Amino acid sequence: MRVKKYIVDSMSDALQQIRTDLGKDAIILNTKPIKTGGFLGMFRKKKIEVIAAIDPNESKKTEQAKNIPMSPAPLGSSSVQPVPIPKKEEESTVAFSNVLQTVALQTEPAQRVPKEETQNGSVSKELEEMRGMLWKLMMADDKNTSLPEAFIPLRKRLQSQGIEEDVLASLFERMLKELSPEEIQDSKKVMQKAKKVMITMLQEASEKHGSLQTDISLVTFIGPTGVGKTTTLAKLAAESTLARQKKVGMITSDTYRIAAVEQLKTYANILNVPLKIVYSAEDLVPTLERLTGCDMIFMDTAGRNYRNKEYVEEINRLLRSPLPNETFLVLSITAKQEDLEAIIESFKDVRIDKVIFTKTDETRTYGSIFNLVIKYKLALSYITTGQNVPDDIETANPEKVAELILGEVRG
């Protein structure tokens, strides 16, 4: 068997190269997203790695069977044939659409198949792999010809919102499993199902979604520079003071940014709450002792370069508090997806309890929220919608995020 690996921008490019190099009887063994190039770990480009193969001995068998329609293997069978590379794009789109609907609608999920019928789960695993391969091929079809017609407006909407293709494929696969053949052709039913499945996926990503806990003594805000940590802190501190009747104190360790202390001091004076400054992690415990009369203490941290390891280590030292505490990572939704992922990766060694997305009033694209929560299993907490303190902040539950991305969906 001749095996060859391709690094391509899209599955369409891969199919063309495989047909040219290996012929129409080649099969795809595996596909996966990768990142290549870049400098010092930055500016890397997203690619797809595709492994394909051709067995000369199987060419005659394939030629004889080319007119036999593809269908999913029965649950009792022990193997699933690899997917042939089609001769023409027109032929492939119809086949993929038919097979995907058949596999998704007629094959039970792996957990529902009895062990004795799966030969220790091997058949279910093969079926899942086949579904995944077919979905990747179908989602690579930029012309949408392999999608049910009712899915096309939804796909365009989600792509315009910045939903990544692998996340989109997972969403559509789950939808297709749950929709009946009649519902698949109903645009309204498809949109309603999309909202329900998106909410479910967000709920499954984390069990910690929710607002600030009332029994927490110390609340810390971390994140890169310019995302609105100080303003967000002031909003939640004001809400705790005015609505919850808590006695609040403030701490800032942001002594690097010009006028950072003055900004928080202004908020502290308006709310009539104490403000303390810590210049190092060693100052934190004595400062907390000076605020023992407070029910809740809100701590602002410096928004320095998140790629700086020393800064991340300093954050970790500040988070070593003896008090019950909660840490919020603050991210701006206006940042690029790649930058947001880089920020989260930089803070991977820091305990993050929940995430706050700011500046949602400055964009109409909210797909990054869905991508990041699904990929990194983040717990949603708040979104901010402006600069007004304390008004412009809302709880970011899964239903709210789905509505932002899809728009108003009834039913």
Side-chain angles (χ1 to χ4, degrees), residues 8-16 28 31 33 46 48 69-72 83 85-107 130-202 337 363-371 374-375 398-399 401-411:
V8 294
D9 294 321
S10 68
M11 284 301 301
S12 300
D13 295 339
L15 293 175
Q16 184 176 359
I28 294 176
T31 65
K46 291 185 178 180
I48 303 174
M70 184 186 282
S71 60
V83 181
I85 300 301
K87 290 176 65 177
K88 298 180 180 179
E89 184 176 357
E90 291 79 4
E91 297 174 358
S92 69
T93 56
V94 176
F96 291 153
S97 179
N98 292 340
V99 173
L100 282 168
Q101 291 186 40
T102 302
V103 172
L105 292 170
Q106 298 183 3
T107 305
M130 185 177 78
R131 277 202 299 267
M133 184 183 301
L134 290 170
W135 271 108
K136 289 175 183 176
L137 292 173
M138 190 186 80
M139 297 308 292
D141 174 24
D142 295 331
K143 297 179 181 179
N144 293 310
T145 53
S146 58
L147 277 174
E149 186 175 353
F151 277 68
I152 295 175
L154 173 62
R155 183 186 186 184
K156 291 180 178 179
R157 168 74 184 187
L158 295 176
Q159 287 178 325
S160 70
Q161 284 289 310
I163 300 294
E164 295 188 325
E165 289 299 321
D166 56 342
V167 178
L168 187 57
S170 298
L171 172 64
F172 278 13
E173 183 178 5
R174 293 182 65 156
M175 290 174 59
L176 202 54
K177 290 178 183 178
E178 298 180 16
L179 288 167
S180 69
E182 293 77 17
E183 290 173 331
I184 287 175
Q185 307 303 325
D186 188 326
S187 298
K188 184 177 179 181
K189 295 290 185 183
V190 167
M191 190 65 73
Q192 291 171 349
K193 179 58 68 174
K195 180 180 178 181
K196 291 179 180 178
V197 174
M198 289 179 72
I199 291 172
T200 300
M201 291 175 69
L202 291 168
Q337 175 79 27
T363 183
R364 294 182 180 180
T365 304
Y366 310 102
S368 294
I369 301 177
F370 192 78
N371 294 334
I374 298 301
K375 183 173 182 178
E399 183 172 359
V401 172
E403 290 174 352
L404 284 173
I405 295 171
L406 293 173
E408 185 178 356
V409 178
R410 297 181 179 180

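Just so it is clear, the values below take in all heavy atoms, side chains as well, and ignore hydrogens, waters and symmetry mates. Residues take their numbers from the sequence shown, with the count starting at 1. Keep in mind that what you see is a predicted model, and the values were worked out from it rather than measured.
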Nearest 0.5 Å, what's the CD1-CG distance between I184 and L176? 4.5 Å
For the atom pair CE (M198) and CD (E403), what is the distance rounded to the nearest 0.5 Å? 11.0 Å
With a 4.5 Å limit on heavy-atom distance, are the side chains of L168 and E165 in contact? yes
When you compare the side chain of I163 with that of L171, does any pair of heavy atoms fall below 4.5 Å? no
Do you know the tightest heavy-atom contact between R157 and S160? O-OG, 2.6 Å
Which atoms form the tightest heavy-atom contact between L406 and L158, and what is the distance? CD2-CD2, 3.7 Å
Does the side chain of E399 reach to within under 4.5 Å of the side chain of K195, using non-hydrogen atoms? yes
Are a donor atom and an acceptor atom from the side chains of Q337 and S368 found within less than 3.5 Å of each other? yes
Interatomic distance, CD1@I374 vs CD1@I369, rounded to 0.5 Å, equals 12.0 Å
Scanning both residues in full, the closest heavy-atom pair of V167 with F370 reads CG1-CE2, 3.3 Å
Which atom of F172 lies closest to which atom of L154, heavy atoms considered: CE1-CD2, 3.6 Å
Atom CD1 in I405, atom CG in N371: separation rounded to 0.5 Å? 7.5 Å
Steps toward side-chain contact (heavy atoms from CB on, under 4.5 Å) verdict (K196, M175): CA-CA 9 Å; K196 291 179 180 178; M175 290 174 59; over 6 Å; no
Please determine if E183 and K193 form a salt bridge, counting it only when a charged side-chain N lies under 4.0 Å from a carboxylate O. no
Just do the side-chain contact (heavy atoms from CB on, under 4.5 Å) check on V190 and D186 with the steps written out, would you? CA-CA 6 Å; V190 167; D186 188 326; 5.7 Å; no
Of the non-hydrogen atoms in Q161 and T365, which two are nearest, and what is the gap between them? O-CG2, 3.0 Å
Qualifying residues under side-chain hydrogen bond (donor to acceptor under 3.5 Å, both in side chains), relative to E164, sequence neighbours excluded: K46
Any idea which heavy atoms bring A402 and I199 closest together, and the distance? CB-CG1, 3.9 Å
If we ignore hydrogens and angles and just use 3.5 Å, is the side chain of R174 paired with the main-chain N or O of M201 as donor and acceptor? no
